[in-house]
Amino acid sequence: MEVALKEILLSKGKVWLGIDIDPSWIQFQPTRKGVRGDVTLMVFPFAKALQLPPAQVAELIGKHVKSEVSFVTDFEVIQGFLNFVFSETLWSDQLIAIHQNDSFGIADPDSKQMVMVEYASPNTNKPLHLGHLRNIFLGYAVAQLKKAHGHQVIKTQVINDRGIHICKSMLAWHRFAPLQSNGERETPANSGLKGDKLVGKYYVEFEKYLQLEVKEVLTRWNTGDFSNTSASALEKFQELDQALVGKEGKAEAAILDKIKELAKNETEILRAAQDMLVRWEGRDPETYLMWSAMNGWVYEGFAVTYQRMGVDFDKLYYESDTFLLGKDQVMDGLARGVFYQKPDGSVWIDLTPDGLDEKLVLRSDGTAVYMTQDIGTAIERFHDYPSLSSIVYTVGNEQDYHFKVLFLILDKLGYSWAKNCFHLSYGMVDLPSGKMKSREGTVVDADDLMEEVVNAATVMTQERGQIAELTEGERHNLFESIGMGGLKYYLLKVDPKKRMLFNPEESIDLTGNTGPFIQYTHARINSLLRKAGPIQIDESALVIESGEIELIKVLAAFPQTIAEAADNYSPALLANYLYELTKAYNSFYQQSPILNETNEGLRAARILISRNIAKVLKTGLIILGINAPERM
RNA sequence: GGUCCGCUAGCUCAGUUGGAUAGAGCAACUGCCUUCUAAGCAGUAGGUCUCAGGUUCGAAUCCUGAGCGGAUCACCA
């Protein structure tokens, strides 16, 4: 409608007002709540150009539009705002159009370019935690949004399966896991422990032991015993020890931290882990076997977690496969002068002209760093999918700088797709007690949390739910859908780029702005529709009043919301829209009879609206990765 | 210190081409189940949109500066 009005203003404006109309003057917005009208035209730009009072200009435009545009039945002028009132048939036509479109809001599949969405880049030494949940739900929802918006989507993850962290778990398991009577060490099979939990347990063991050893080293150093200490460490220690003199508070703590770091590298157990990494890179059979076995346990554990989360991937990338990929690209870039080499052999890129720093892209010993690997992986992906147009990286905002540099390097290497790549940067999840810290044991485990929210949903649903007709299995699914729905919505409703607070009590709440609130409304509408039975709707006899129009307006905004949420990589926009729609419907539902309405045309219109609101709620929830139960 | 991000009600958050009286939820208080699912609805109370300037018909929104909080600036990933 706005498009039509704009065209008329552009074509007739000169005749009506006597001057050429600049398209930028034409600014529409939905008419404010509580004011009569459907769409508002800003008249200030016109008034300014005409040198006339806004009210007078508004009156002039309004009169012409009313007489020449069929669907505008009236207009009203308030201050500098010109509010148009649309005809009722316009709204009933709109409702019918929505009703007839089963995939309302969803763009034609594959009508847009192919995008790859990367989310969940777990390390294989620890179980998943709350931070991963935000990452994964967010990435999955963005993938779904892109799909709904017409893109072909490849969901992927990079698994950080190599490096010192996994060697730590391996070493600790090898040293500390008790030998059982049959000669085996602890495994998921013989202990019943989930694979990722088992490996994580030994990672913690490693860290504990490391801390003990660090303490010993520090004690030795403080008493002047430097046996077993490398010459370079001794030198640095003396330097730092000198620097301590006269320092207090923060400055002192910073130096003490550095000394601690130094001591870490002088511990036997860390050196053993480093040796193990070297052996792994040398494909030492025993090490490699242990590595693949323990990673296998972790993958089995992750699979269970992912399944409960309801997410999946189309393609997996393993760092152990990709960590060397970037080296050729770096050597190639070096030859072309994009990079430069220092005397020690390390390769760098100078980004100071772009306002950034110099960045290492290859170590002096020729091994790959994080950046090398990411360069290689990105290029590999465009080889794997020749029609790919961009990659979305769902990674925490602590890596903003890394991705800025990565995209810049890819651009300098001459890849035109680099400018299409996007870092979906999300904020950290804080707890009421502050930041999650693994060292302090304040990390919220993903499996534990999911169990908790589903338990809470189970209790509440058994108490209040309409579940008498459901089988045992259906109930189980329902509890799962409500608990997980609440958790997902809780994490998705907040603007992704913002840091957010995770309040455990609120996360299991089922009232207010929550997932279950929306699910409940959807289920209630379905109950209503079941009672209504099959109905014949006489489209020409629909009766639409102001309350109905309000709901149709919100419904009609759905496609636009999908588009915006997809373009902005923000499931939060969709989540908030669904909440608005739910609130609007509930308010209507409480004050207007639907099945009990005696006016046939009105009853039909209300049923039609209810049905289509349920349809939109379900479509939207599924995009967010949330189930929409038929009854609850 | 350089760079980037954030700051809106007691708490958690919406507020995206600058637009009318800044909105929700939670917590507090008051009502509404003998009509379609009360996980709901209606209402009361709660605001110097961190601060100071600027741009203009109009600023929570754009610009500049300051304050507070966070991230980042590794031959870690």
Pull out every protein N or O sitting under 3.5 Å from an N or O of nucleotides 59-65 of chain B, one pair per line with the distance.
none

Residues within residues 561-571 of chain A bordering RNA chain B, heavy-atom distance below 4.0 Å: A:Asn568
Members of residues 122-133 of chain A that approach RNA chain B, where some heavy atom sits under 4.0 Å away: none
Filtered N/O pairs between nucleotides 67-70 of chain B and protein, under 3.5 Å:
unit_1, atom_1, unit_2, atom_2, d
B:rG70, O2', A:Arg499, NH1, 2.5

Dot-bracket encoding per residue of RNA chain B, Watson-Crick/G-U cut-off under 3.5 Å, | denoting interstrand: (((((((..((((.....[...)))).(((((.......))))).....(((((..]....))))))))))))....
Nucleotides 28-39 of chain B: protein proximity per nucleotide (B base, S sugar-phosphate only, - neither; heavy atom, under 4.0 Å): -------BBBSB
Whole-angstrom distance between B:rU8 and B:rA52, as gauged at atom P: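 Straight-line distance between the two P atoms is 16 Å.
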side-chain contact (heavy atoms from CB on, under 4.5 Å) partners of [X], counting only residues at least two apart:
{"X": "A:Arg499", "answer": "A:Met428, A:Asp430, A:Lys435"}
{"X": "A:Leu431", "answer": "A:Leu130, A:Ser433, A:Met436, A:Val444, A:Phe502"}
{"X": "A:Pro54", "answer": "A:Val43, A:Phe44, A:Ala47"}
{"X": "A:Met500", "answer": "A:Arg134, A:Val429, A:Tyr490, A:Leu491, A:Val494"}

Polar pair under 3.5 Å, donor/acceptor by atom type, side chain A:Ser587, base B:rA42: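 Result: no qualifying N/O pair found.
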A:Phe422: partners by ring-ring contact (aromatic ring centres under 6.0 Å, His included), with sequence neighbours left out: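 A:Phe422 satisfies ring-ring contact (aromatic ring centres under 6.0 Å, His included) with A:Tyr569 once adjacent residues are dropped.
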If you restrict it to nitrogen or oxygen atoms, what contacts under 3.5 Å exist between nucleotides 1-7 of chain B and the protein, and what is each distance?
unit_1, atom_1, unit_2, atom_2, d
B:rC7, OP1, A:Lys498, NZ, 3.0

